[in-house]
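Structure record follows, encoded as structure tokens.
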Amino acid sequence: TPGNGPDRPIQTVQQHILQDQRKFPGASGEFSWLLSGITLATKMIQAKVRRAGLTDILGSEGEVNVQGEVQQKLDVYANEVLLHCLSLRESIGILASEENERPLTVHYESPNARYAVIFDPLDGSSNIDVNVSVGTTFSIVRRPADVEISDVGNWVLQPGNRQIAAGYVVYGSSTILVYSIGSGVHGFTLDPAVGAFVLSHENIRMPEQGKYYSVNEAYRDDFPPEYNTYLDKLRSGALGHPYASRYIGSMVADFHRTLLKGGVFLYPPTMSNPSGKLRLLYEANPIAYIAENAGGAATDGSRRILDIHPENIHQRTPLVVGSRAEMTEFRKCVNPDEAPK
Ligand code: P6P
């Protein structure tokens, strides 16, 4: 068309979700309506994150959350916005948040309440005051047919391989939503001029191999020895080139780089955190789901993250997630006797 219109059709996340759904017979518009609750909430969150220094929202709320962490004011805001926007979606029966000790039940009376949304409203929030990227993660599971609406535990505590969708928003130099419903991984950049998430990274594939490893090296004396053997291998050039280190200290940002550039992100078990620091349900599971749908892999050191049966919503897990070459090498280091796959 003449004039200075876009050189290719702009596609918003809503349009993409509807198209994506067409590949899934039986998926209904309710799913795109559910995901629009997440996109609306994250637009509101990013508006606050971008103005944090200006609106006296820095600093802690003074409260301590269920994790025993001092709640940053933005944490509280992000949690309340997500709870509000998502509780307006009748298809959601349960909301489980990193900031709430117990899951919240919503729309219990509705037969349409078939999804649970499990999320971390603002991961990495301790970085907010120093202007480092933070993120929101989300995981969506359907109520199993044999689970009663009142059986919150068995509805929420499903292994990650039962997720029907997952993703994250990274509030970085730009605001990017990355999600998958199992048919590819897609990225949308928020266009502030339009106020819409616009398709910017269609069908993201993790490179076969990267050049960075990402881990907090301050704890390396506490890592199990096989992790240090692995890191020494990466540094030595044994995989074709010596690796460099990149560690932001904000999981969503560290993973997003790994997704786009390849490499590996690790949060190993340590003496102080024998089960690792990251949470299975709303940190490791969505990240692992995205990684696998983009051709990567994610393990807790011995098990596929997505096969772990959760015991409680805030349980922790070690996490090693990355591209094929690095994950193959990791498996060799932790299971030297295992036959090559
Ligand atoms: P450490 C942020 O607090 C977080 O939960 C993740 O986003 C991040 O990957 C990790 O903790 C950083 O932890 O111990 O390296 O400061």
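The residues of the chain are indexed from 1 along the displayed sequence. Each ligand, and each atom within it, is numbered from 1 in the order the structure gives.
Of the listed residues (K211, R235, E326), just one forms a side chain to side chain donor-acceptor pair (under 3.5 Å) with Y243, and that residue is E326.
Below 4.0 Å from some heavy atom of G249 lie the following atoms of ligand 1, by number and element: 2 (C), 8 (C), 12 (C). Every atom of ligand 1 is numbered from 1 in the order shown, and the set under 4.0 Å from a heavy atom of Y247 is 1 (P), 12 (C), 13 (O), 15 (O).
In this structure, the side chain of S323 does not engage the main chain of A325 through any donor-acceptor pair within 3.5 Å.
Heavy-atom proximity to atom 11 (O) of ligand 1, evaluated over E98, E217, E283, K277, is greatest for K277.
Within 6.0 Å of the NE2 atom in H241, the count of heavy atoms belonging to other residues, nucleotides or ligands exceeds 12.
A salt bridge is defined here as a Lys NZ or Arg NE, NH1 or NH2 lying under 4.0 Å from an Asp or Glu carboxylate O, and D307 with R162 fails to meet this definition. Between R143 and E148, none of the side-chain N atoms (NZ, or NE/NH1/NH2) sits under 4.0 Å from a carboxylate O, so this pair counts as no salt bridge.
At a 4.0 Å cut-off, at least one heavy atom of D123 sits close enough to ligand 1 to count as contact.
Polar contact check, M251 against ligand 1: a nitrogen or oxygen pair lies under 3.5 Å apart.
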